[in-house]
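For reference, the structure is listed below as structure tokens.
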Amino acid sequence: MQSDVATSAQTGQTVESGSPGSAKLAQRIGVPCEVFAGEKRVATVPEVVVKLIKLGFSVTVQAGAGDAANVSDTDYQEAGATIVADATQLWASSDIVFKVRPPTTDEVGLMREGGTLISFIWPAQNPELMQLLTAKKATVLAIDALPRTLSRAQKMDALTSQAGVAGYRAVIEAANAFGRFFNGQITAAGKVPPAKVFIAGAGVAGLAAIGTAAGLGAIVRANDTRAEVADQVVSLGGEFVKVDYEEEGSGGGGYAKVMSEGFQQAQRDMYAKQAKDVDIIITTALIPGKPAPKLITAEMVRSMKPGSVIVDMAAEQGGNCELTEPGKVVVKHGVTIVGYTDLVSRLSRQSSTLYATNLFRLTEELCKTKDGIIDVNMEDDAIRGLTVTKGGTITWPAPAPKVAAAPPAVAKPAAAPAAKKGHGHGEASAPMAGNKLAIVFGVAAVLFWLIGANAPKEFMSHFTVFVLACFVGYMVVWNVKPALHTPLMSVTNAISSIIAIGALVQISPLSDALNRPNSMITWVAAAGIVLTAINMFGGFAVTQRMLAMFRK
């Protein structure tokens, strides 16, 4: 720190030497060790410490907090953080505490009265914890309570970032337990078929698993109660397996809802069919605050091929498979069932980095003045949704986010009443559009008759070809399916193709055309072929570059 700034470890405030009244300039952020068994993540990383300091905060990290995530105390010190020896000192000196897991009773006891905590809390599942935090007059921001429907909240969405890591790791665990390659291979030693992977649930974790499994070369299938995710599954290289039952499964906040018994039965039938065919099943179905639904029955497990694998990502809430044992890997009926509850911690450095970034983005929203002092603005929908207690008052659950008022509807002029038959001029009751269409066709018919009655015979043959060409060309161009290009490029390439065909007709045979008096037409046709060829090949080149952006 600079020599003109003194830090008070007792109050956690940074004060400027010689300033009147020692006015507070910054709050201290504390990062303790996670005490939950098996938790390897840490709430911030050195790269984020640098950014927090730039916002005006000072950062204190408990010694050894990042060891399990491969982050040393030296790394934190080099980033500008202060290392303290034990949890008591850290909690007592921190204005704001960053954590991953909800605090234990002992940790709440160490917390400063009136302090701020930012962490996973799960208020619905931890009412006793909420009461303890209220007694401490704490302001608590539960990162799991973020309103995920707000687009501006995506950068703070730790649930999404952690679920993506879990989905990736689930595939890695499946590959580790599986006895074959994921991708198909043909070698001198024989042919290896690709693994078949079925993913139950295509939320964030499921989509991450789909992309990872497809990237490893497996045949991937997936199902979800929300029909709108089907395109996302296909875009990641998977096949969407639809349940033969019509019911919408979208719930609030981006989650799926509990489906009807009829849908669940049809879903079980589909799962039973997939279980007999695939090699690996990864289940991700979980609704916050509810036990994990049982999707894979013991009978389905018995029907699977020996050596198959099930990775149950909902194991921490009881599991989607009836035979899952949370925290363990077991083999039942020849099928390996992976019930790890710490998938995210098994990629601790990556998940810690993403989580730390989410907390930094939240801190940016809390400290827009960049003076190291947070402002919990309850008028901000995102911050209001996160805040579960403030100053000792429980504020959870938050009200629904405010919806912008729709613009006032413009009053439409009243339609004129239709005239009844037999009353003066109101005999015709057909709509005006029909009358206009009839007039257009009538005028066109008269024009064609005039042309046909007065034009020479040679002109009529060419004119007929011209009209038919316009009609056929229109139908050909606008019915081209965008299989190789984007829709716009498909249309332009179709037009270019028709131009090229017409030019080839004009230019053939080239040897005779060069000696004809109208050789100018030949040269124009040749120029047309060159330009359309450039356009078509350019379209392919641009499309190839666009596709390359999405390839690994």
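- Judged as a salt bridge (Lys or Arg N to Asp or Glu O under 4.0 Å), and not counting sequence neighbours, the contacts of Asp279 are Arg180, Lys305.
- Other residues, nucleotides and ligands contribute over 12 non-hydrogen atoms within 6.0 Å of the CZ atom of Phe263.
- Glu322 and Thr297 are not linked by any side-chain donor-acceptor pair at a separation below 3.5 angstrom, with hydrogens and angles left out of the test.
- Applying the 6.0 Å contact sphere to CZ of Phe178 captures more than 12 heavy atoms from other residues, nucleotides or ligands.
- The pair Arg384-Glu379 does not count as a salt bridge, with every side-chain nitrogen at least 4.0 angstrom from each carboxylate oxygen.
- Using a 4.0 Å cut-off between charged side-chain N and carboxylate O, Arg101 and Glu316 make a salt bridge.
- Counting only distance, with no hydrogens or angles, the side chain of Asn320 and the backbone of Pro293 share a donor-acceptor pair below 3.5 Å.
- At a threshold of 4.5 Å between non-hydrogen side-chain atoms, the residues Asp144 and Ile121 count as touching.
- The salt bridge (Lys or Arg N to Asp or Glu O under 4.0 Å) pairs that include a residue from residues 164-173 are Arg169-Glu173, Glu173-Arg346, where partners are two or more places apart or lie in different chains.
- At distances below 3.5 Å, at least one donor-acceptor pair connects side-chain atoms of Gln62 with backbone N or O atoms of Cys33.
- Between the Lys136 side chain and the Met111 main chain, a donor and an acceptor come within less than 3.5 Å of each other.
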task: Begin with the C-alpha distance, continue with both residues' side-chain angles, and end with the deciding distance and a verdict on salt bridge (charged side-chain N to carboxylate O under 4.0 Å, His left out) for Lys51 and Glu364.
output: CA-CA 10 Å; Lys51 297 177 182 179; Glu364 280 186 318; over 6 Å; no

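- Residue pairs meeting the salt bridge (Lys or Arg N to Asp or Glu O under 4.0 Å) criterion with at least one partner in residues 76-86, sequence neighbours excluded, do not occur; the list is empty.
- The side-chain heavy atoms of Ile143 and Leu141, taken from C-beta on, include no pair separated by under 4.5 Å.
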- request: Decide yes or no on side-chain contact (heavy atoms from CB on, under 4.5 Å) for Leu323 and Val330, but give the supporting numbers first.
  value: CA-CA 9 Å; Leu323 302 181; Val330 296; 6.0 Å; no

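- Under a 3.5 Å cut-off, the side chain of Tyr76 and the backbone N or O of Thr44 do form a donor-acceptor pair.
- Residue Thr284 holds its OG1 atom at 8.5 Å from CG of Leu295, rounded to the nearest 0.5 Å.
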- prompt: Do Thr104 and Asp106 pass the side chain to side chain donor-acceptor pair (under 3.5 Å) test, and can you show the C-alpha distance, the side-chain angles, and the key distance before you say yes or no?
  reply: CA-CA 5 Å; Thr104 63; Asp106 292 339; 5.1 Å; no

Ile199 and Arg221: CA distance, side-chain angles, deciding distance, side-chain contact (heavy atoms from CB on, under 4.5 Å) verdict: CA-CA 6 Å; Ile199 296 171; Arg221 303 167 189 164; over 6 Å; no

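- In this structure, OG1 in Thr139 is found 7.5 Å from CD1 in Ile374, a value given to the nearest 0.5 Å.
- Annotation: side chain of Thr225 is in contact with side chain of Gln267 (closest heavy-atom distance under 4.5 Å).
- Listed here is the closest heavy atom pair of Thr389 and Ala138: OG1-O, 2.9 Å.
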Could you list the donor-acceptor pairs under 3.5 angstrom formed between side-chain atoms of residues 155-167 and any protein atom two or more places apart in sequence or on another chain?
residue : atom : partner : partner atom : Å
Lys155  : NZ   : Glu365  : OE2          : 2.9
Asp157  : OD1  : Leu159  : N            : 3.3
Asp157  : OD1  : Thr160  : N            : 3.2
Asp157  : OD2  : Arg148  : NE           : 3.2
Asp157  : OD2  : Thr160  : OG1          : 2.5
Thr160  : OG1  : Arg148  : NH2          : 2.8
Ser161  : OG   : Ala158  : O            : 3.0
Ser161  : OG   : Asn358  : OD1          : 2.7
Gln162  : OE1  : Arg41   : NH1          : 2.9
Gln162  : NE2  : Ser351  : O            : 3.2

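- Side-chain atoms of Leu117 and Pro103, non-hydrogen and from C-beta on, do get closer than 4.5 Å to each other.
- Residues satisfying the ring pair (Phe, Tyr, Trp, His ring centres under 6.0 Å) criterion with Phe198, sequence neighbours excluded, are Tyr271.
- Annotation for Ile210 and Ala202: closest pair CD1-CB, 4.4 Å, computed over non-hydrogen atoms.
- Under a 3.5 Å cut-off, the side chain of Ser72 and the backbone N or O of Asp75 do form a donor-acceptor pair.
- Smallest separation of non-hydrogen atoms from Ile282 and Ala170: CG2-CB, 4.1 Å.
- Taking OG of Ser308 as the reference point, atom CD1 of Ile281 lies at 7.5 Å (rounded to 0.5 Å).
- Counting only heavy atoms from C-beta outward, the side chains of Asp375 and Cys367 never approach each other to under 4.5 Å.
- Rounding to the nearest 0.5 Å places OG1 of Thr324 at 13.0 Å from CD of Gln317.
- In this view, Lys54 and Val50 satisfy the side chain to side chain contact (heavy atoms under 4.5 Å, CB included) rule, not counting sequence neighbours.
- Salt bridge status for Asp312 with Lys294: absent, with no side-chain N to carboxylate O gap under 4.0 Å.
- Looking only at side-chain heavy atoms (C-beta outward), Thr387 and Val140 stay at 4.5 Å or farther from each other.
- Between Met130 and Pro123, the shortest heavy-atom distance links the atoms SD-CB, 3.7 Å.
- Closest heavy-atom contact between Ala69 and Ser352: CB-OG, 3.8 Å.
- In summary, Glu325 and Lys332 engage in a salt bridge, as defined by a charged side-chain N under 4.0 Å from a carboxylate O.
- Counting heavy atoms from C-beta on, the side chains of Val331 and Ile337 never come closer than 4.5 Å.
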task: Please test Leu359 against Ile118 for side-chain contact (heavy atoms from CB on, under 4.5 Å), starting from the C-alpha separation and ending with a verdict.
output: CA-CA 8 Å; Leu359 294 194; Ile118 302 176; 3.8 Å; yes

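- Counting heavy-atom neighbours within 6.0 Å of Lys390 NZ, excluding the residue itself, gives a total above 12.
- At a cut-off of 3.5 Å, with distance as the only test, no side-chain donor of Arg28 or Ser94 sits close to an acceptor on the other residue.
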task: Given side-chain contact (heavy atoms from CB on, under 4.5 Å), test Asn223 with Lys242 step by step and report yes or no.
output: CA-CA 6 Å; Asn223 167 259; Lys242 194 174 184 297; 5.8 Å; no

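- The backbone N or O of Ala315 lies less than 3.5 Å from no partner atom in the side chain of Thr341, so there is not a single donor-acceptor pair.
- The two residues Ala81 and Val61 make their nearest non-hydrogen contact at CB-CG2, 4.0 Å.
- Remark: Thr363 OG1 to Ile96 CD1 distance equals 7.0 Å, nearest 0.5 Å.
- Atom OH in Tyr340 sits 14.0 Å away from atom CE in Met313 (nearest 0.5 Å).
- For an aromatic pair to be called close, the ring centres must be under 6.0 Å apart, and Phe120 with Tyr355 satisfies this.
- Within the 4.5 Å cutoff, side-chain heavy atoms of Phe182 are placed close to those of Val171.
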